[in-house]
Structure formats: C-alpha cells, structure tokens
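In what follows, every heavy atom counts, from backbone to side chain, and hydrogens, waters and symmetry copies are set aside.
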Amino acid sequence: LFRSVPYAVLHALEHWKSQLQTMEMSQQYLQDNIFRRFTNFRDDSRGQVKGSEMGLAMVQDVPDIVENGYMRLLEIVKYVGKLVVSSYFIVGENPDTGLPLVISGTTIVAYVSQNYTKNVEYIEAVSSRQAEIVEVVQEANQKIRLIADYYMRPQVQSVLEKCTQSLTTASLPTKGAAVANDYLD
C-alpha cells in the first residue's frame with residue numbers, strides 16, 4: 001500500500017494537469033503577443049517580414065515551440081520526479097544500484113545536451129524550406145494571370161519542385177534525429 005501512494009499522487013497530478021489547458025493557453029498567449037508585436041512594427045520593419053513567415057510562425061512554429069519546448073520541459077520535470085522517487089525506493093532496497101542510476105542519468109543528460117543544438121538546426125532548416133514553399137504558392141496565386149498570360153507555368157512549377165525537393169532533403173536529418181530520440185525514451 002505504501003509503495004502505491006506515489007503513483008496515486010502522480011496520477012492525480014497528471015489528471016489535474018490534463019484539465020488545465022496549459023498548452024492551449026500558452027499557444028494563445030504566444031500567438032496573441034506575436035501578432036500584437038507585429039502590428040506595432042514600423043512600416044519598414046513590417047515590410048521586412050514575409051507574409052509566409054508570419055503565417056507559418058502563427059500556425060506552425062508557435063504550436064511547435066509550445067509542444068516541443070514548454071510542454072517538454074514540464075514533461076522532463078515529471079520524469080525527473082518519477083526518477084527521483086523510483087531511485088529513492090530502488091536504492092533503499094539495494095544500495096548497490098546507486099552507481100548505475102547515476103551513470104544512466106549522466107548519460108541521458110550528456111546525450112540530450114550534445115544533440116539539442118543539432119536538432120534545433122534541423123527543425124529550423126525544415127521550417128525555412130516550408131516558408132519558401134508557402135511563399136512560392138502565395139506569389140503564384142497573386143500573379144496567376146500574369147503567369148498564365150506569359151506561359152510561365154512550367155517555370156513556376158520548376159521553382160516549386162526545387163523547393164519541395166529541398167524540403168524533402170532537409171526533412172531526412174530531422175526524422176533520423178527523431179528516431180534516435182525515441183529510442184532514448
């Protein structure tokens with residue numbers, strides 16, 4: 001009975017957390033403030049921000065930042081709490097397990113700190129390629145009559161194909177890193 005108390009507490013906290021709408025409220029707060037900041041830019045500063053980048057930031061980057069940043073941090077705190085409680089009971093039952101626990105924890109921290117920057121670079125590369133695709137599509141949509149009148153469809157299609165090929169190439173390292181990270185979990 002005594003050993004099930006920590007898990008009951010964790011379950012109750014997990015249920016409470018699921019009802020808080022932390023992720024949704026964080027996304028809304030971040031989106032509202034990014035847009036507010038954007039609308040307060042001077043005209044020349046606002047002109048330097050592409051519409052495609054702003055759109056992607058609002059509907060893709062913000063949820064990604066909240067889900068893979070802020071919410072992951074809360075998840076890490078949860079796992080560290082579980083690890084501390086579990087380690088306490090494991091070491092209490094068998095003191096010889098302390099060193100392997102320290103070694104495995106150190107290994108995980110080293111792996112995460114080593115690969116974090118690389119993973120961020122991969123994600124930024126994919127996001128940049130996606131913004132290029134959105135930009136080409138928006139520009140083609142705005143200038144479709146001009147493109148059609150001057151028979152430029154094949155050239156525009158070629159530009160889009162290069163962008164999608166670039167996205168595919170940029171996505172591969174991200175997927176490889178995701179597989180490696182999943183196996184660490």
Side-chain angles (χ1 to χ4, degrees), residues 20-80 107-185:
L20 289 177
Q21 297 181 338
T22 305
M23 189 162 106
E24 294 80 6
M25 297 297 285
S26 298
Q27 279 182 261
Q28 180 183 349
Y29 179 78
L30 194 52
Q31 287 168 328
D32 291 348
N33 284 300
I34 287 172
F35 189 72
R36 182 177 300 112
R37 182 83 167 199
F38 176 74
T39 58
N40 286 318
F41 281 177
R42 292 189 323 261
D43 288 339
D44 59 328
S45 297
R46 196 177 314 107
Q48 294 176 358
V49 178
K50 297 177 185 172
S52 59
E53 289 179 351
M54 186 63 180
L56 280 175
M58 296 299 280
V59 299
Q60 183 177 340
D61 293 344
V62 167
D64 186 48
I65 288 168
V66 171
E67 184 178 339
N68 294 320
Y70 180 65
M71 297 307 290
R72 294 281 181 190
L73 180 63
L74 295 177
E75 198 172 314
I76 288 170
V77 169
K78 176 183 85 170
Y79 286 131
V80 167
T107 303
I108 290 170
V109 168
Y111 176 82
V112 169
S113 63
Q114 190 76 12
N115 291 310
Y116 176 77
T117 304
K118 233 184 336 181
N119 289 339
V120 169
E121 289 171 5
Y122 295 153
I123 291 167
E124 286 177 356
V126 168
S127 182
S128 177
R129 301 296 89 76
Q130 289 171 334
E132 290 171 0
I133 291 171
V134 171
E135 186 178 346
V136 168
V137 170
Q138 283 180 340
E139 188 173 349
N141 188 42
Q142 291 170 351
K143 300 175 181 176
I144 192 67
R145 285 295 354 133
L146 191 61
I147 292 169
D149 291 345
Y150 286 95
Y151 305 102
M152 298 293 295
R153 286 184 181 120
Q155 289 86 346
V156 172
Q157 182 65 34
S158 176
V159 169
L160 182 67
E161 287 171 3
K162 287 178 184 173
C163 289
T164 57
Q165 183 179 18
S166 178
L167 174 61
T168 300
T169 303
S171 297
L172 291 177
T174 305
K175 289 181 179 183
V179 169
N181 291 340
D182 286 345
Y183 272 91
L184 182 67
D185 287 345

Looking only at heavy atoms, what is the nearest atom pair of V59 and P63, with distance? O-CG, 3.5 Å

Do F35 and M54 come within less than 4.5 Å of each other through their side chains, counting heavy atoms only? yes

Lys/Arg-Asp/Glu bridge criterion (N-O < 4.0 Å) met for E132, R129: yes

Work out which heavy atom in I133 is nearest to a heavy atom in C163; give both atom names and the distance. CG1-CB, 3.7 Å

Hey, what do you get for CD (Q114) to OG1 (T107), rounding to the nearest 0.5 Å? 12.5 Å

Value rounded to 0.5 Å, distance of CD in Q60 from CD1 in I65: 10.5 Å

Residues E161, Q165; criterion side-chain hydrogen bond (donor to acceptor under 3.5 Å, both in side chains); working and verdict: CA-CA 6 Å; E161 287 171 3; Q165 183 179 18; over 6 Å; no

Give me the atom names and distance for the closest heavy-atom approach of S127 to L56. O-CD1, 4.2 Å

Should Y116 and V120 be marked as a side-chain contact (heavy atoms from CB on, under 4.5 Å) after you check the CA-CA gap, both sets of side-chain angles, and the distance that decides it? CA-CA 6 Å; Y116 176 77; V120 169; 3.7 Å; yes

Atom pair CZ (R42) and CD (Q48), whose distance is rounded to the nearest 0.5 Å: 8.5 Å

A quick test of your reading: do over 12 heavy atoms of other residues, nucleotides or ligands sit less than 6.0 Å from CE of M23? yes

Residues S52 and A131: closest non-hydrogen pair is OG-O, 3.5 Å

Under 3.5 Å, is there a donor on one side chain and an acceptor on the other for N68 and D64? yes

Quick one: OG on S26 to CG on L20, what's the gap to the nearest 0.5 Å? 10.5 Å

Any idea which heavy atoms bring M58 and Q31 closest together, and the distance? O-NE2, 2.6 Å

Heavy-atom pair of closest approach, residues R36 and T39: O-OG1, 2.8 Å

Could you tell me whether the side chain of R46 and the main chain of F41 form a donor-acceptor pair under 3.5 Å? yes

Can you spot which of V134, N141, V136 makes a side-chain contact (heavy atoms from CB on, under 4.5 Å) with Q138? V134

CD-OG1 distance between E121 and T174, expressed to the nearest 0.5 angstrom: 11.0 Å

Nearest-0.5 Å distance that lies between atom CD1 in I34 and atom OH in Y29: 11.0 Å

